[in-house]
Amino acid sequence: MLNGIPASHGIGIGSICVIEEYDLTYEAVKIEDTEKEQKRFDKAIEQFKEETSRMAEDIRSRIGPKEAEILESHMVMISDPTMAGEMSKMIAVGQCAEAAVEAVCDMFIGMFSKMDDEFMQQRAADISDIKLSLLKILLGIEEVDIGSVPAGTILVARDLTPSMTSQIKKENVAGILTEIGGKTSHSAILARALEIPAVLSVPNITTLVKNKDTAIVDGTEGNVYINPEGDILSGYIIKREEHIRKQAELKKFFGKETKTADGISPELFCNIGTPQDAKKAMECDGEGVGLFRSEFLFMDNKHMPTEEEQFLAYKEAAETLGGKVLIIRTLDIGGDKDIPYLNMKKEENPFLGYRAVRYCLGNKESYSIQLRAILRASAFGKVKIMVPLVTCVEEIRAVKDLLTEIKKDLDQEGFAYDKNIEVGCMIETPSASLIADLLAKESDFFSIGTNDLTQYTMSVDRGNADVAYLYSTFQPSVLRSIKHIIDCGKSAGIPVGMCGEAAADPLFIPLLISFGLSEFSVNPVLVLTARCIISKWSKKEADELAEKVMSLSTEAEILALLKESVKE
Ligand code: PEP
Ligand code: MG
């Protein structure tokens with residue numbers, strides 16, 4: 001048996017498909033038979049066009065024409081005589097096809113990326129894609145097409161990038177195993193959204209398995225079995241059925257009010273990453289959106305989304321919610337989220353660097369575009385603004401000052417917006433927690449980001465497997481911090497929510513009931529689970545448990561007590 005971090009609940013049983021990392025290095029030898037090399041190059045171009053056209057067709061039918069057009073433009077570019085012609089010229093003087101492709105593409109990339117025009121800069125990204133695809137074909141690298149793996153596949157990769165995750169078809173992938181990543185890495189969050197069992201940070205998993213091995217992925221416990229014995233396999237088939245049955249039972253909480261056993265009604269919101277997810281939040285019976293991670297809009301694009309594009313996305317989400325709360329978190333990039341077209345500097349300590357509100361306040365022009373778009377969307381629903389990674393009062397004041405300026409502009413331009421739009425802080429740094437009383441005076445609401453709060457309080461990188469044993473929301477320091485934040489919010493009379501992953505943790509929920517959390521924001525697929533757990537606890541019982549928990553000194557003791565106190 002192997003172990004890793006349980007990142008997405010459930011049991012997956014299936015056949016392994018390893019997604020290899022490929023190596024694009026080649027030897028740039030002098031070519032004698034240039035005619036033969038030209039033929040090899042022509043064949044690669046043909047294959048590129050065929051594959052691209054097939055992918056464009058698939059994307060057109062599955063996603064939409066706009067996305068397919070990007071790939072179609074690649075075919076047009078490579079058919080342009082200047083590009084392929086320049087490559088052929090280099091081959092004719094004895095360069096190998098790989099070197100010709102690399103040199104010509106790099107020349108165009110350099111040229112386009114220097115241009116100020118956004119459209120031209122996009123061309124640089126397109127040519128980078130073309131270069132990668134052509135080199136893979138020339139070097140005979142066969143990449144797994146994640147979108148077309150057969151049903152019952154267990155995907156195994158060193159890491160799963162958000163773009164890889166977005167190709168996954170839920171009906172075909174039974175489980176996910178990776179060598180790096182933690183519970184709150186963004187791929188883990190996406191795996192949960194797709195309801196695919198996942199175990200991350202399984203040491204050396206890519207080298208320990210081969211294609212077609214059978215695997216069991218226990219995403220609840222973090223256990224992995226490769227080619228299991230008959231009795232283990234049959235045991236897990238029963239467990240998988242049990243899990244599916246429990247999921248079905250939760251359906252009885254659909255449409256019910258969220259309330260504790262003694263009638264306290266916290267709100268139960270959802271975390272989303274795209275406007276389409278807002279639909280999923282409603283289908284899963286969420287009561288609003290407590291966290292719209294707006295950075296996914298930026299990450300899914302090859303250019304900075306314009307005010308209009310952002311406005312339409314936020315408006316779509318607001319309208320889908322039909323008057324229910326939509327808390328939009330302003331751009332939170334940096335850390336483990338990079339956006340290539342922003343050309344952010346590589347940093348020694350990205351999680352401690354130019355991230356989130358720090359980046360936004362340093363780039364007020366683009367931040368204003370986002371704030372304008374959010375304000376304009378506020379005319380179409382109950383929109384609130386949330387600021388990530390706040391560490392000091394000056395930051396929230398600076399955002400509010402900027403909003404005041406933008407509101408004046410919008411008034412002058414005659415745009416409608418919610419004049420009393422609420423602005424809240426994400427409390428996810430130890431500094432924000434320590435000054436929660438001061439921040440509360442400047443905020444309309446708080447939302448606790450336990451994913452980062454745990455990382456920063458415990459000083460552990462949230463994706464680093466070697467220190468994952470310290471990454472726990474059940475550490476006494478993290479619990480004290482959370483209780484303190486909620487107390488400060490209560491004293492100031494502002495609501496305190498939680499949008500970190502801990503809000504949906506069945507062991508954590510009674511503590512949050514006791515502390516008096518007013519809003520839980522969870523992955524849409526966990527709404528009914530959270531509602532079910534909340535319904536089992538009265539405030540009095542939760543208080544008794546929390547009092548004992550808060551008197552304990554170690555995470556192990558706390559976890560043992562919470563596990564013992566689970567209500568079936
Ligand atoms: C958090 O830090 O808890 C959070 C919700 O934000 P993210 O996971 O996007 O950093
Ligand atoms: Mg965070």
Side-chain angles (χ1 to χ4, degrees), residues 5 7-8 162 165 181-193 200 269-274 277 281 286 288-300 326-339 350-360 384-391 395 424-433 436 439 445-464 468 471-475 478-479 481-482 485-486 496-505 508 512 517 519-524 526 530:
I5 297 173
S8 178
T165 322
K183 241 184 195 154
T184 61
S185 62
H186 290 89
S187 355
I189 292 169
L190 289 174
R192 280 195 289 280
L200 308 188
F269 288 174
C270 292
N271 296 344
I272 65 170
T274 64
D277 289 350
V289 165
L291 167 66
F292 179 172
R293 289 186 164 93
S294 67
E295 57 276 7
F296 283 101
L297 257 172
F298 291 69
M299 288 159 81
D300 288 346
L326 169 65
I327 302 181
I328 303 179
R329 174 174 75 184
T330 62
L331 187 61
D332 180 3
I333 39 146
D336 63 345
K337 285 172 279 186
D338 182 30
I339 299 184
F351 277 116
L352 299 183
Y354 203 36
R355 202 193 140 180
V357 70
R358 303 168 180 185
Y359 176 86
C360 289
K384 301 186 187 188
I385 296 175
M386 181 156 77
V387 186
L389 208 79
V390 171
T391 48
E395 285 165 337
C425 286
M426 266 194 92
I427 307 292
E428 51 182 347
T429 62
S431 173
S433 169
L439 288 170
F445 63 93
F446 280 165
S447 185
I448 307 176
T450 46
N451 307 342
D452 276 316
L453 186 66
T454 307
Q455 147 164 281
Y456 294 120
T457 304
M458 293 303 297
S459 310
V460 283
D461 177 338
R462 65 199 246 189
N464 182 336
Y471 184 89
S472 168
T473 326
F474 298 100
Q475 283 285 352
V478 184
L479 289 180
S481 182
I482 292 170
I485 298 164
I486 299 175
V496 182
M498 178 177 286
C499 57
E501 298 297 298
D505 188 325
F508 214 87
L512 296 173
L517 191 80
E519 172 238 303
F520 293 71
S521 191
V522 306
N523 193 312
L526 294 174

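Remember, it's 1-based here, ligands and their atoms both numbered in the order they're listed. Along the sequence shown, the residues carry numbers beginning at 1.
A distance-only check finds a donor-acceptor pair linking the side chain of N271 to the backbone of C499 [under 3.5 Å]. Counting only distance, with no hydrogens or angles, the side chain of R329 and the backbone of P388 share no donor-acceptor pair below 3.5 Å. S431 places a side-chain N or O within donor-acceptor distance of the main-chain N or O of T391, the cut-off being under 3.5 Å. With hydrogens and angles disregarded, a donor-acceptor distance shorter than 3.5 Å links the side chain of D277 to the backbone of T274.
Distances from ligand 1 to the non-hydrogen atoms of R329 include at least one value under 4.0 Å.
Looking at E501, E428, M498, R462 and measuring to atom 8 (O) of ligand 1, the nearest heavy atom belongs to R462.
Taking 2.8 Å as the criterion, E428 counts as a coordinating residue of the Mg ion (ligand 2), since one of its N, O or S atoms falls below it.
Residue-level check: among N/O/S atoms of D452, OD2 sits closest to the Mg ion (ligand 2).
In M386, neither the side chain nor the backbone holds a heavy atom less than 4.0 Å from any atom of ligand 1. If you look at L291 next to ligand 1, the close heavy atoms, those under 4.0 Å, all belong to the side chain.
A 4.5 Å side-chain heavy-atom check between L479 and F508 finds at least one atom pair inside the cut-off.
Set against the non-hydrogen atoms of R355, the atoms of ligand 1 under 4.0 Å away are 10 (O).
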